[in-house]
Amino acid sequence: MADIKEIIAARVAKELKDGDVVNLGIGLPTMVANFLPEGVNIILQSENGMMGMGAAAEKGSEDVDIVNAGAQYVTVNPGAMFFDSATSFGIIRGGHVDATILGALEVDQHGNLSNWIVPGKMVPGMGGAMDLVVGAKKVIIAMQHTQKGAHKILKECRLPYTAIGVVDMIITEMGVMEITSEGIVLTEINEGYTIEEVQTATEAELIINPDLKQS
Amino acid sequence: MADIKEIIAARVAKELKDGDVVNLGIGLPTMVANFLPEGVNIILQSENGMMGMGAAAEKGSEDVDIVNAGAQYVTVNPGAMFFDSATSFGIIRGGHVDATILGALEVDQHGNLSNWIVPGKMVPGMGGAMDLVVGAKKVIIAMQHTQKGAHKILKECRLPYTAIGVVDMIITEMGVMEITSEGIVLTEINEGYTIEEVQTATEAELIINPDLKQS
Amino acid sequence: MKNKIMTAAEAVADIKDGASVMVGGFMACGTPEILIDALVKKGVKNLTVICNDAGVPGRGVGKLVSSGQIKTLIASHVGLNPEVAKRMNTDIEEDKLECILVPQGTLAEQIRAGGAGLGGFLTPTGVGTIVAEGKEVINVDGRDYLLEKPLKADFALIRGSVTDQFGNTTYNGTTRTFNPMMAAAASYVIVGACEIVETGAIDPNNVVTSGIFVDAIVGGETPWQI
Amino acid sequence: MKNKIMTAAEAVADIKDGASVMVGGFMACGTPEILIDALVKKGVKNLTVICNDAGVPGRGVGKLVSSGQIKTLIASHVGLNPEVAKRMNTDIEEDKLECILVPQGTLAEQIRAGGAGLGGFLTPTGVGTIVAEGKEVINVDGRDYLLEKPLKADFALIRGSVTDQFGNTTYNGTTRTFNPMMAAAASYVIVGACEIVETGAIDPNNVVTSGIFVDAIVGGETPWQI
């Protein structure tokens, strides 16, 4: 069986269309680029100042002036462009990024997101996350369904918000959920899980799509 | 006797220091660049997107992609730079232009300026003037003292304002005036004019500097 | 990815009566004449045109003024095109032009804000003048500012000096003007390009406008002849 | 015109205790290490440092965190430098660091506004979060925005890839980051340059930061060694 993170990343990749401008968060989201369907080329935006980011740089041939938002050496694709941080966030906040894919500490049924601070414990700063989730056309949360069994998909977020009402879709190893004005709709369930199991792993009450897909 | 416009432009030139960033309006102000003292090099900003503008382009060797704000073909000096209009007005509004020199329809004793519209008669638009006079560190009005005898230096502007309280200095063929919180101070008077003549040509009451210079 | 290179007629095909159209350039330096010409030929009416100025008769936006296709012109300066005043004051209803004058720095920043997802900005420009009429005045740290709102448009007509097939664009000299901000502030962006090169041929450090903003590229734009 | 080229020690000579200092770069990529080193050597205290992040220990702003010279850090992310959390929570008064966290896009725009003479701007970022605390919420056309104010500083430490003798600067790759906005938003601007060239050697179309912003140029900045 494939790694859980790979399963999630592969499913996220199916949400992307050819030519989409996409910002991938650090960690699992970065893996999405490895699972793009044939014929789908996306343009990666990196908030530190790059459009058209390529793959990680090979050891020994790094350009030390070119890093991604995780400070790792990367390459650029033909047609790439560098810009300053104000321009970068103009692109992000201005709705020119088709999709941003990132992890979460908590998401709730209103589409609220908390992923940047655990008061008193972890205060790394929000970086570009607040702008990304407010600005991108589509916000996809890619994460494991629970944190070692503890609910992450909640009725109401308990941690301080990153932004309110911004999440469009949650993709976990259990399936795919869409945030609607009625609540969280389970649209796909992964092989090996029952609806009951997904609901048990979710604090918010799931609406089951009548056309629920099994995958 | 030198041309009146040349007298004014030559006097304005003495206000500029080596290294100053200066925006010159169309017409008389443009002539200021011809009268810079020895050793004084200024950097001309052109609001249509250029720092380090040079002289007018010679006929036959124009670069059609390089014009000044009056749409005339110009050259650039070594160390020049081109930028977009938002950047250009960021420079202007941000206080990075040391002096802007422009004409006026009316100036008043509060430093209010009217130079962009005569309602019902002349409605060309303000162009960059409103930003320039609000943003530049020093606003010098260079103009003939009267409009065919009609007052232009007033107690209160009658035409719609370009901006309020922005004018620092007025230079005419009659002399030099500074705008202070007490009113307009005559600091220099040109050869051939008496204080009475200058006052008669001025609606606002002039304060005569005890150290009034004759030039 | 999709091919963005097309004819001028194809590029302006979706511009309909009543559309809002941003046009780059300053006194027509930096304005894509081939796209203006295509718009004149198409003959759409009641356009809202957003441009620094009205060009001059026979050049730039001036052509659209003369052809009577503009209903509302948002610009900072129209004094070099006498046709504008004539149409502002005409009694012939269908020739009538409304002109909204905006300080040049405010106009540039409004378009930037439109593309950058800002809800507005505070500028000291225009405080105490008729530009302030109807606008909110906000005092920040003792100084008054006008709250100016963002500007967006349905279309932008951009002039590129060098454009690659993806749409990455550079501008030569003072042709840059309003083009980069407009490219980000319009729903559908057309570049009239002087030169089209292979994607990747422009140094990524020197690209000014990203191809992600560009929907259509039309070659054959030529420098203005003196 | 005056010669701007000097040593790092000369360039930072006027930075006194309590000064506010903007530092370019993103995780130290684009940060002028030679200027940071000069500031560490000078040993000034109680600095307010404005930077995207806290660098990493031993690199970029991280050196100033470790040396205890920063009293207040305004940044968007400090998670890659554990020294920051330690100093935020210390009981030793003189080691204590206050950290003001700002969304990255807001920080970039605040610095831009500072340099561009804007009194503030309206951003949707942070609405409904703790970032909104104490800030005015303004509704424009049905959407809520936070009013964010401009940021300026006494000094800016900029990293240039190529700088001419007048100060015109270009940035290679992702070193551009906050450098261009900071160059316009500080009273005294120092460039740590990887390469210094004759004035006029950089194509005027490709200059990113104008030399008019630059007060001092220090050569000898070297790319980070892996």
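A quick note: this is a predicted structure, and the numbers were derived from the prediction, not measured. Below, chains carry the letters A, B, ... as their sequence lines are ordered, and counting in each starts from 1.
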Taking all non-hydrogen atoms of both residues, which atom of C:Val78 and which atom of B:Val123 are closest, and how far apart? CG2-O, 3.7 Å
Okay, B:Ala69 and chain C: the region with an atom under 4.5 Å from a heavy atom over there is both
Any donor-acceptor pair under 3.5 Å linking the side chain of C:Thr174 with the backbone of B:Val67? yes
Straight-line distance of B:Asn48 CG to C:Asn52 CG, nearest 0.5 Å: 8.5 Å
Honestly, the part of C:Val102 sitting under 4.5 Å from a heavy atom of chain B is backbone
Under 4.5 Å, counting heavy-atom pairs only, tell me which of B:Gly128, B:Pro160, B:Ala71, B:Gly135 racks up the most with chain C. B:Gly128
Count the heavy atoms belonging to other residues, nucleotides or ligands that lie under 6.0 Å from NZ of C:Lys71, then report whether that count exceeds 12. no
Would you find more than 12 non-hydrogen atoms of other residues, nucleotides or ligands less than 6.0 Å from C:Lys4 atom NZ? yes
Kindly determine whether B:Asn68 and C:Phe26 satisfy side chain to side chain contact (heavy atoms under 4.5 Å, CB included), including the steps that lead there. CA-CA 10 Å; B:Asn68 66 12; C:Phe26 186 108; over 6 Å; no
Looking at B:Lys17, I want to see if its NZ is surrounded by more than 12 non-hydrogen atoms of other residues, nucleotides or ligands under 6.0 Å. no
Which one, C:Gly126, C:Gly24, C:Ala108, leads in non-hydrogen pairs under 4.5 Å with chain B? C:Ala108
Taking C-beta and beyond as the side chain, do C:Thr175 and B:Ile66 meet within less than 4.5 Å on heavy atoms? no
Going from CG on B:Asp84 to CD1 on C:Ile111, what distance comes out if it is rounded to the nearest 0.5 angstrom? 10.5 Å
Can you tell me which portion of C:Pro180 sits under 4.5 Å from chain B's heavy atoms? Options are side chain, backbone, both or neither. side chain
Of C:Arg112, C:Met27, C:Met181, the largest count of non-hydrogen pairs under 4.5 angstrom with chain B goes to C:Met181
Within the 4.5 Å heavy-atom criterion, are C:Gln104 and B:Met130 side-chain neighbours or not? no
Top of C:Gly128, C:Gly30, C:Pro103 for chain B proximity - count of heavy-atom pairs under 4.5 angstrom: C:Pro103
Top residue by heavy-atom pair count (under 4.5 Å) with chain B, among C:Pro223, C:Ser76, C:Gly79, C:Ala85? C:Ser76
As an exercise, state the distance from OG1 of C:Thr106 to CZ of B:Phe89, rounded to the nearest 0.5 Å. 9.0 Å
For C:Lys135, is the NZ atom crowded, meaning more than 12 foreign heavy atoms sit under 6.0 Å from it? yes
Judged by atom type as modelled, is there a donor-acceptor pair below 3.5 Å linking the side chain of B:Asp131 to the main-chain atoms of C:Gly105? yes
Just so I know, are the side chains of B:Met126 and C:Leu101 near enough to count as touching, which here means a heavy-atom distance under 4.5 Å? yes
Okay, B:Ser114 and chain C: the region with an atom under 4.5 Å from a heavy atom over there is neither
Closest-packed option against chain B by number of heavy-atom pairs under 4.5 Å, given C:Ser161, C:Pro124, C:Ala28: C:Pro124
Could you tell me whether B:Asp65 and C:Arg176 make a salt bridge, using a distance below 4.0 angstrom between a side-chain N and a carboxylate O? no
Quick check on the interface: out of B:Gly49, B:Ala129, B:Gly125, B:Ser46, who has the most heavy-atom pairs with chain C under 4.5 Å? B:Gly125
So do the side chains of B:Phe83 and C:Thr177 get within less than 4.5 Å of each other, counting heavy atoms only? no
